[in-house]
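Let me begin by presenting the structure, written as structure tokens, before commenting on it.
When reading the values below, keep in mind they use all heavy atoms of this one structure, side chains included, and skip hydrogens, waters and symmetry mates.
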Amino acid sequence: QVQLVESGGGLVQAGGSLRLACLTSGSIYKIHETGWYRQPPGKQRELVATITWGGTQNYADSVKGRFTISRDNTKNMVYLQMNSLKSEDTAVYYCRSNANPISSSGIYPLTGNDYWGQGTQVTVTS
């Protein structure tokens with residue numbers, strides 16, 4: 001199976017920075033894309049940023065210019081550098097990977113399954 005573990009959340013003052021990390025591990029054939037999502041208190045989960053295996057990045061308008069997503073394919077790690085944090089960035093941040101687990105059949109679809117981490121809390125105080 002495939003597991004995701006997030007780390008790096010915490011409490012920070014407005015204007016500060018945090019770096020989140022997401023490790024995708026397990027019996028993995030290929031990771032297509034990894035993304036960060038967040039769920040503010042009382043709101044629905046929303047996209048923050050995604051990055052493909054090849055490095056193509058996508059950001060929510062609310063974080064463009066402040067957040068940077070990156071990946072280290074050798075370690076199956078994805079990072080989210082968050083700068084100029086605002087109180088509205090307060091949320092539980094989740095990591096999601098779309099990946100193909102190793103198959104005994106040796107047959108792999110072009111898109112994989114979505115796997116989610118447990119989430120890490122980010123709290124920005126004003």
Side-chain angles (χ1 to χ4, degrees):
Q1 263 294 3
V2 178
Q3 300 88 33
L4 275 70
V5 176
E6 303 102 334
S7 61
L11 182 68
V12 64
Q13 287 189 331
S17 299
L18 280 176
R19 188 192 194 209
L20 305 183
C22 173
L23 170 65
T24 303
S25 63
S27 300
I28 302 166
Y29 172 73
K30 183 176 183 178
I31 300 173
H32 298 281
E33 179 183 86
T34 301
W36 286 97
Y37 296 75
R38 66 187 181 187
Q39 187 164 14
K43 297 184 179 180
Q44 291 188 334
R45 194 173 298 188
E46 62 186 19
L47 169 73
V48 177
T50 61
I51 186 167
T52 66
W53 184 260
T56 300
Q57 302 164 26
N58 180 52
Y59 295 93
D61 288 343
S62 60
V63 306
K64 283 180 181 177
R66 299 188 298 123
F67 292 9
T68 302
I69 191 169
S70 61
R71 70 183 309 145
D72 182 341
N73 289 340
T74 65
K75 300 177 180 178
N76 286 346
M77 293 290 296
V78 170
Y79 306 95
L80 185 69
Q81 178 66 43
M82 304 186 295
N83 298 329
S84 302
L85 283 161
K86 306 174 182 179
S87 57
E88 50 262 44
D89 294 317
T90 295
V92 178
Y93 284 70
Y94 297 91
C95 182
R96 175 196 65 86
S97 277
N98 182 275
N100 294 111
I102 292 175
S103 169
S104 58
S105 70
I107 298 173
Y108 296 97
L110 294 178
T111 57
N113 304 320
D114 281 340
Y115 300 92
W116 290 85
Q118 293 298 309
T120 184
Q121 177 70 45
V122 172
T123 302
V124 183
T125 60
S126 55

Does one hydrophobic cluster hold both Val48 and Leu85, with members joined at side-chain heavy-atom distances below 4.5 Å? yes

Show the numbers, then the answer: is there a side-chain contact (heavy atoms from CB on, under 4.5 Å) between Ile102 and Ile28? CA-CA 5 Å; Ile102 292 175; Ile28 302 166; 5.8 Å; no

State, with a plain yes or no, whether a side-chain heavy atom of Ser17 is found less than 4.5 Å away from one of Met82. no

Centre of Tyr79's six-membered ring, under 6.0 Å away, within 45 degrees of the axis: is that where NZ or CZ of Arg19 sits? yes

Name the one of Thr52, Val78, Asn98 that satisfies side chain to side chain contact (heavy atoms under 4.5 Å, CB included) with Thr34? Val78

Note, Asn100 side chain near Asn113 side chain (heavy atom, < 4.5 Å): no

Is a side-chain N or O of Thr90 found less than 3.5 angstrom from the main chain of Thr123, in a donor-acceptor match? no

What class does the angle between the rings of Tyr29 and Tyr108 fall in, given that below 30° is parallel, 30 to 60° is tilted and above 60° is perpendicular? parallel

Have a look at Ser97 and tell me which of Thr24, Asn76, Asp114 forms a side chain to side chain donor-acceptor pair (under 3.5 Å) with it. Thr24

From OG (Ser7) to CE (Met77), nearest 0.5 Å: 6.0 Å

Stepwise side-chain contact (heavy atoms from CB on, under 4.5 Å) test for Thr125 and Leu11: CA-CA 7 Å; Thr125 60; Leu11 182 68; 3.5 Å; yes

Taking Trp36's backbone N and O only, do any of them form a donor-acceptor pair with Arg96's side chain (distance below 3.5 Å, no angle check)? no

Looking at Ile69, is its backbone amide N or carbonyl O close enough to the side chain of Tyr59 to form a donor-acceptor pair, meaning the two atoms are under 3.5 Å apart? yes

Verify side-chain contact (heavy atoms from CB on, under 4.5 Å) between Gln39 and Tyr93, making sure each step is shown before the conclusion. CA-CA 7 Å; Gln39 187 164 14; Tyr93 284 70; over 6 Å; no

From Glu6 CD over to Leu23 CG, what is the distance, rounded to the nearest 0.5 angstrom? 10.0 Å

Nearest-0.5 Å distance that lies between atom OH in Tyr115 and atom CD in Gln1: 5.0 Å

Enter the distance from Ile31:CD1 to Asn73:CG here, rounded to the nearest 0.5 Å. 7.5 Å

Could you tell me whether the side chain of Arg66 and the main chain of Ser84 form a donor-acceptor pair under 3.5 Å? yes

With clusters defined by side-chain heavy atoms of hydrophobic residues (ILVMFWY) lying less than 4.5 Å apart, directly or transitively, does Leu20 cluster with Val124? yes

Show, in sequence, the C-alpha distance, side-chain angles and deciding distance for Leu80 and Phe67, and conclude whether the side-chain contact (heavy atoms from CB on, under 4.5 Å) test is met. CA-CA 7 Å; Leu80 185 69; Phe67 292 9; 4.2 Å; yes

Measure from the side-chain N and O atoms of Ser105 to the backbone N and O of Ile107, and report whether any donor-acceptor pair falls under 3.5 Å. yes

Rounded distance (nearest 0.5 Å) linking atom NZ of Lys43 with atom CD of Glu88: 8.5 Å

Kindly compute the distance separating OG (Ser70) from CD1 (Ile51), expressed to the nearest 0.5 Å. 6.5 Å

Hey, quick one: are Val92 and Trp116 part of the same hydrophobic cluster, counting side-chain heavy atoms closer than 4.5 Å, chains of contacts allowed? yes

Check whether Val63 and Leu47 end up in the same hydrophobic cluster, where Ile, Leu, Val, Met, Phe, Trp and Tyr are linked by side-chain heavy atoms less than 4.5 Å apart. no

Between Lys86 and Asp89, is there a side-chain N and carboxylate O pair less than 4.0 Å apart? no

